[in-house]
Amino acid sequence: MHLSRRPCVLALAVLLVLATVSCGAPAPRTPGQRHASEHYPVTVTNCGAEVTFDGPPRRIVLLDSSPVPVLSALGVLDSVALRAGAFPAEYYDPATTAAIEAIPSLGEDLDTSGHLRISAEVIIEQQPDLVLGLPDGITREGLADVGIAALVHPTLCPSGVDTATSETTFDDVYDHVTTFGRIFDRRDEAESLIASLRHRVAAVEAAATAAEGRPRRTAAVLYPTVGGGTVYAYGNRSMAHPQLEAAGFTNVYADVADRVFEVTTEDLIGKNPDVLVLLHTDGDPRAVHDAVVGLPGAGALQAVREGTILVQLFNFTEPATPLSVAGLERIHAAFGGGS
């Protein structure tokens, strides 16, 4: 940042600060102001790369909807200057929705898989100091070459960067919050949010435990392609797995050490889950429901016959954020305990 101030103005500012300190009163903190010295620099490891912050980010381009609840809870959503992609209101409380709608959008062009389509040039010309999310065609290296930092949720690291070495758990949600608390120097707010999230998860787990004694039901979390095409399922390195476990269900793909993978209708029928959770990025949830119900042979599925199907937005499961806790609560509300 380039500074050019006259010496007399600087001297006056120094005198004012000294006068405030001599009176024993701290300088007031204006809304949105961040500490920029005590806890910086902060370095985080993200998708195998080290990203260092000399102060809290002040001009963010948001290319991913999943960080919004954390940014809002930590009180730093005002640092987002621009956004691109889909930000369904169902994810957020009214105040957060209003704040998101007030942020100028660079576009909402999504492909059939729900991925944002935007060029690197559009992002670079906005001159952000931080980009959250890396759509196809935009690389960390390309942004770094022009001095722009980027963060990707560890779950969504680019192909070839494997950061998941064990099953995903709700600790990944809490780690996500802790990381943002460090970056923005909002550690107390992060700890408070984590405590609330832990309490909510424990409440669902307790309710699921209370339902024990009945046969444990099975479930699968899928991402179907609307209009026909590939159906994806989620294994034990996705948030789908701990969600189902916490709700008292057995994930039929618990033995698959992948985040997401293609499945055939035949395989799904062979697993025959009692419950299906169907994910989508945006649009009509009925079309997502019909995409699975309309699969050849889908009538053989227990979940289809009994209508035990929940369609919910993608971020209510993936990646690991506070929205995953809300998604857990939605699963519990729809089906009760898995037992």
### Task
State whether the number of non-hydrogen atoms from other residues, nucleotides or ligands found under 6.0 Å of Glu50 atom CD is greater than 12.
no
#### Entry: Pair Arg187 + Asp185, salt bridge at N-O below 4.0 Å
yes
### Task
Report the C-alpha separation of Val231 and Thr265 in whole Å, then their side-chain angles, then the decisive distance to 0.1 Å, and conclude whether the side chain to side chain contact (heavy atoms under 4.5 Å, CB included) test is met.
CA-CA 8 Å; Val231 176; Thr265 307; 5.8 Å; no
#### Entry: Interatomic distance, Asp136 atom CG to Ile118 atom CD1 [nearest 0.5 angstrom]
12.5 Å
### Task
Look up atom NZ in Lys271 and atom OG1 in Thr218, then write down how far apart they are to the nearest 0.5 Å.
10.5 Å
### Query
What is the distance from atom NE2 of His289 to atom CG of Leu310, rounded to the nearest 0.5 Å?
10.5 Å
### Query
Any side-chain heavy-atom pair from Ser79 and Phe184 closer than 4.5 angstrom?
yes
### Point-to-point distance, once rounded to the nearest 0.5 Å, from CZ of Phe335 to OG1 of Thr308
6.0 Å
#### Entry: Donor-acceptor contact below 3.5 Å, side chain Thr178 vs main chain Tyr174
yes
### Summary
Correct closest heavy-atom pair for Arg217 and Asp274 would be CA-OD2, 3.4 Å
### Query
Any side-chain heavy atom of Arg216 within less than 4.5 Å of one from Phe249?
no
#### Entry: Donor-acceptor pair, side chain of Thr168 and main chain of Arg237, under 3.5 angstrom
yes
### Query
Could you state the interatomic distance from CD1 (Ile194) to NE2 (His176), rounded to the nearest 0.5 Å?
10.5 Å
### 4.5 Å side-chain heavy-atom contact, Thr155 and Met239
no
#### Entry: Flag, side chain of Arg59 to backbone of Gln126, donor-acceptor distance under 3.5 Å
yes
### Message
Keeping Asn236 on the side-chain end and Glu167 on the backbone end, is there a donor-acceptor pair under 3.5 Å?
### Response
no
### Query
Are side-chain heavy atoms of Pro154 and Asp172 found at a separation under 4.5 Å?
no
#### Entry: Arg182 versus Tyr40, closest heavy-atom pair with distance
O-OH, 4.2 Å
## Note on the structure
Sorted by chain and residue number, the ring pair (Phe, Tyr, Trp, His ring centres under 6.0 Å) partners of Tyr234 (sequence neighbours excluded) come out as none
### Task
May I ask you to test the Phe170-Leu328 pair for a side-chain heavy-atom distance under 4.5 Å?
yes
### Task
Please confirm whether the backbone N or O of Phe316 pairs with a side-chain atom of Arg330, one donor and one acceptor, at under 3.5 Å?
no
### Task
Quick one: do Leu62 and Ile103 satisfy side chain to side chain contact (heavy atoms under 4.5 Å, CB included)? Show the steps, please.
CA-CA 10 Å; Leu62 188 59; Ile103 298 170; 5.7 Å; no
### Task
Kindly indicate, with the supporting measurements, whether the criterion side chain to side chain contact (heavy atoms under 4.5 Å, CB included) is fulfilled by Leu134 and Leu143.
CA-CA 10 Å; Leu134 284 179; Leu143 295 176; 3.8 Å; yes
### Short side-chain to backbone donor-acceptor contact, Asp145 and Gly142, under 3.5 Å
no
### Task
Step by step, work out the side-chain hydrogen bond (donor to acceptor under 3.5 Å, both in side chains) result for Asp267 and Thr264.
CA-CA 5 Å; Asp267 181 67; Thr264 64; 5.4 Å; no
### Query
Taking all non-hydrogen atoms of both residues, which atom of Gln243 and which atom of Ser324 are closest, and how far apart?
NE2-O, 2.9 Å
### Task
Would you mind telling me which of Ile123, Ile138, Ile60, Ile124 makes a side-chain contact (heavy atoms from CB on, under 4.5 Å) with Val131?
Ile123
### Query
Less than 4.5 Å apart, any side-chain heavy atom of Glu318 and any of Tyr223?
no
### Query
Backbone N or O of Ala320 within a donor-acceptor pair of the His153 side chain at under 3.5 Å?
yes
### Task
Taking all heavy atoms of Leu323 and all of Pro69, pick out the closest pair and write down the distance.
CG-CG, 3.5 Å
### Summary
In terms of heavy-atom contacts, Leu151 and Asn46 come closest through CA-OD1, 3.5 Å
### Task
Give me the one residue out of Thr321, Ile100, Leu313 that meets side-chain contact (heavy atoms from CB on, under 4.5 Å) with Tyr91.
Leu313
### Message
Does any part of the side chain of Ile309, heavy atoms only, come nearer than 4.5 Å to the side chain of Val304, both counted from C-beta?
### Response
yes
### Query
What are the two closest non-hydrogen atoms of Ala73 and Glu189, and how far apart are they?
O-CB, 4.5 Å
### Message
Nearest 0.5 Å, please: how far is CG in Leu193 from CG in Asp188?
### Response
12.5 Å
### Task
Apply side chain to side chain contact (heavy atoms under 4.5 Å, CB included) to the pair Tyr253 and Val263, showing each step before the final yes or no.
CA-CA 10 Å; Tyr253 292 109; Val263 292; 3.7 Å; yes
### Query
Which pairs count as side chain to side chain donor-acceptor pair (under 3.5 Å) when at least one residue sits in residues 61-70, sequence neighbours excluded?
Asp64-Ser66, Ser65-Asn315
### Query
Would you call Glu191 and Arg198 a salt bridge, taking side-chain N to carboxylate O under 4.0 Å as the test?
no
### Task
Please tell me if the side chains of Leu301 and Ile269 come closer than 4.5 Å, counting only heavy atoms from C-beta onward.
yes
